[in-house]
Amino acid sequence: MDVDALLIGLDPDQREAVTVVGGPLAIIAAPGSGKTTVLTRRIAHRVAIDPDVHAQHVLALTFTAQAASELQRRLRRTGLRDRIEAGTFHAIALRLLRQRAADNGQPTLNIVNDRMRLLDEAVRAVPFAVDPFVTMGEIDWSRARRVPYAEYAVAAKRAGRRTNLTSAQLSAVAEAYATVKRRRGVVDFDDLLEQTVYFMRTDRLWADGVRWRYRHLFVDEGQDLNPLQHAVLESIRDGRPDLCIVGDPRQAIFGFNGADPAIMNNVEDIYPGVTIVRLQRNYRCTPQIINAARTVLEHADQSDDSIAVTRDGPDVRVAEFANDDAENAGISRLVRDVVASNQSWRSCAVLARTVAQLNAVGDALTTAGVPINLQGRAGNERQLGNAIREATGKRGATELGDWIEAVMAEGAPGAIRTRVAEAADRYLAQSPGITFRAWVELHSPFDDLDEPEPDDAVDLLTFHASKGREWQRVFVIGAEYGLVPHTSAITPAQRDEEARLLYVACTRAREGLVVSWAARRKDRLSRPSPLIAGIAEAGAADAPAPPPMPRRPRALPDPIFVALVAWRSVAARAAQVDPSTICSDESLRAVAQARPTTIEGVAALTGLGPLAAARIAPRLLAALSRALEPPSEARPTDPRPGSRASASVGRTPPASSR
């Protein structure tokens, strides 16, 4: 490995971050500052120059499998021949625990395939009605934050979580859920982290082995650490100084999932004597984009010390539209104009706060002849997962061997199915005594698979999903109060996170940034988000005056929408949850207007995930059907829980309460 080559092209701050001796080390990396390059080269540099640092003793913890794979690819390009261990917290914990089970002659750990099905079973075992989906979210949050269930209600209120669950209710459901998992012989992802912390504390021999194996620790995206993940990290570190954390408190946007930005913000208190290196130079964004994004944070009394090093670009534009339909059509025209100036479709992205917004603008783009990609880059992950499932589904070594021979006979060297077949052949040769899927998770034989070029299409992503991505030009839509910041943000900490979320969305753009808002959305008057006030003022001098808005007659409320709101209120009372956790007003309006007839149609309009759609959509469709029925004196109109007109998303109340 050429050590000097590792320092070529680095600025002084990056060079310091790569070469500084000792630890612990915290690298505060602004957007576009070369974070992954610095992390990769620091690992390679330490292995190259320090005789006490060996690749097999390096552990790099990431938050996505894609990030771990990218880290491995970049390390190979540096000339590092020996493979380091890189993976998500859950993947590393799973490998360690399965190895421990194998060493002790214990059954291998099995990950639950459908958590909600098990939680539904647990909910039926408690003597009160709760919404399983909401309850699962609160269990996950409590475990991530390491909040005892007995203290849940106070902690949830302090964090601004909208739930009517009591500590006793959550504790009872969580205990029933744990009982169901034990009975089925499965664990979930949080079990992996909790068991790792537990055994690192109670199994001294195993803990010593883990710490001997992992002596040099690196953490990517440190601002996303939650207390449970931090406990795993600290149990492995065990007070040793060889730790490097890379992150950016300005991009801490996952607090709703339990992430705690205080870990990165208070790194000097948590790790006394830590060396802090700040990467302030932004090599991605133009000065105009950086200045615009900075005003977003400043409005929320947060700071940004990023320094632009790229050349000037066009001014950031704030576009006002009469309504959301006009916004979607206008964005479609702007995207076409950009591509007409010799850009590719994939050079553009449209980012929104909610999935429902993306669905609407996606329809407008498609109508305008613009190819779209609602999922971002798909990569090899889906093909790889399908091939592994295909191999895992074979019963016994003989059937798996026949499958391997059939795939090899296809004669497609380098194809993903062929790669999986080759790995399965090595698995059979080793006879490791574990399943093929477990063997894959332990050995990670596919980390070198490169991502293919994405389709030439405009990416449509939520603000959260855009994290870690970048495009030549970005269109941030729906920058209105109620969406940005979102109405769910009720505490100061949540509103601060909303500002950081918009900051992340804006800094995905390299050259061009358009921020838009609609004066009327879903027949309701809107106003621009206060977070974009600084952007609007900066561009006011060059912006043409908007045409006067035509005065519209006041619209009567849609009776279908009113009926769906009434259904939601009844369902929320029965499930003891906030109505917004079932379905937003925006989603109900979309359903009332489109009148879908299938679960898939409801999911497309509301942005509900598969599990939530399976529970909520049938009840919502039933409510819609009732709302569309012609008036009848014989039909009951009192929507009480348990009546024909009610539809609870929680458990059916026991007979004694009906």
Side-chain angles (χ1 to χ4, degrees), residues 1-89 91-92 95 210-222 233 236-237 240-248 267 271 274-281 283-284 443-451 468 470:
M1 188 162 47
D2 186 347
V3 177
D4 292 335
L6 294 174
L7 305 180
I8 293 175
L10 300 182
D11 65 38
D13 295 331
Q14 292 173 331
R15 182 183 290 260
E16 180 185 5
V18 168
T19 61
V20 64
V21 178
L25 170 67
I27 301 173
I28 311 299
S33 62
K35 169 181 67 70
T36 305
T37 296
V38 167
L39 177 59
T40 303
R41 296 200 191 183
R42 178 166 179 82
I43 294 172
H45 190 267
R46 292 212 62 207
V47 173
I49 70 165
D50 191 334
D52 294 327
V53 178
H54 302 280
Q56 62 265 34
H57 294 302
V58 171
L59 173 62
L61 291 162
T62 67
F63 283 84
T64 65
Q66 293 88 341
S69 296
E70 176 64 18
L71 194 62
Q72 294 282 20
R73 282 194 289 270
R74 294 204 188 191
L75 282 169
R76 284 193 296 273
R77 295 188 194 120
T78 67
L80 185 65
R81 288 177 292 182
D82 296 326
R83 184 178 179 276
I84 73 159
E85 190 82 47
T88 65
F89 282 83
I92 297 299
R95 295 173 197 172
V210 172
R211 290 165 185 150
W212 176 88
R213 180 179 178 183
Y214 299 139
R215 309 177 195 177
H216 321 291
L217 306 179
F218 296 82
V219 180
D220 192 14
E221 303 289 5
L233 172 66
I236 297 174
R237 188 178 79 93
R240 295 173 294 176
D242 202 343
L243 169 69
C244 172
I245 300 182
V246 183
D248 182 13
V267 69
Y271 300 105
V274 64
T275 299
I276 298 179
V277 178
R278 300 184 183 277
L279 306 182
Q280 297 173 292
R281 294 174 177 84
Y283 293 93
R284 175 194 302 155
H443 293 84
S444 301
F446 308 115
D447 279 352
D448 62 326
L449 285 175
D450 290 323
E451 291 282 351
E470 61 181 72

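These figures come from a predicted structure and were not determined experimentally.
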Of the non-hydrogen atoms in R240 and R211, which two are nearest, and what is the gap between them?
-> NH1-O, 2.8 Å

CZ of R215: more than 12 outside heavy atoms within 6.0 angstrom?
-> yes

For W212, does its backbone N or O pair with a side-chain atom of H57 as donor and acceptor, under 3.5 Å?
-> yes

Interatomic spacing from CG in L61 to CD1 in I245 - rounded to 0.5 Å | 10.0 Å

For V38 and I27, what are the C-alpha separation, side-chain angles and deciding distance, and is it a side chain to side chain contact (heavy atoms under 4.5 Å, CB included)?
-> CA-CA 9 Å; V38 167; I27 301 173; 4.0 Å; yes

Reported CZ-to-CD distance for the pair R73 and E70, which is rounded to 0.5 angstrom = 5.0 Å

F63 vs F89 aromatic rings, parallel, tilted or perpendicular, using cut-offs 30° and 60°?
-> tilted

Any chance you could measure K35, atom NZ, to I28, atom CD1, to the nearest 0.5 Å?
-> 12.0 Å

State, yes or no, whether a side-chain contact exists between Q14 and L279 at a heavy-atom distance under 4.5 Å.
-> yes

V219 and L217, any side-chain heavy atoms less than 4.5 Å apart | no

Can you find a pair of side-chain heavy atoms, one from T37 and one from R74, that are under 4.5 Å apart?
-> yes

Could you tell me whether the side chain of H216 reaches within less than 4.5 Å of the side chain of I43, counting heavy atoms only?
-> no

At what distance, to the nearest 0.5 angstrom, does CZ of F218 lie from CG of L71?
-> 9.5 Å

Which residue pairs pass the salt bridge (charged side-chain N to carboxylate O under 4.0 Å, His left out) test with at least one member in residues 43-69, sequence neighbours excluded?
-> R46-D50, R46-D242

Give the minimum heavy-atom separation between A86 and R95, together with the two atoms involved.
-> O-NH1, 3.8 Å

When rounded to the nearest 0.5 Å, the distance separating OH of Y271 from CG of L243 is 5.0 Å

Heavy-atom closest contact (A60 atom, I84 atom, distance) = CB-CD1, 4.1 Å

Residues L6, V18; criterion side chain to side chain contact (heavy atoms under 4.5 Å, CB included); working and verdict = CA-CA 9 Å; L6 294 174; V18 168; 5.5 Å; no

Between the NE2 atom in H54 and the CG atom in D82, the distance rounded to the nearest 0.5 Å is 10.0 Å

Taking side chain as C-beta onward, heavy atoms only, is T62 less than 4.5 Å from E221?
-> no

Would you say L39 and R42 make side-chain contact, with heavy atoms under 4.5 Å?
-> no

What's the shortest heavy-atom distance between T88 and T64, and which atoms?
-> CG2-C, 3.4 Å

How about T78 and R41: does a side-chain donor come under 3.5 Å of a side-chain acceptor?
-> no

Taking all non-hydrogen atoms of both residues into account, name the closest pair between D248 and A29 and its distance.
-> CB-O, 3.1 Å

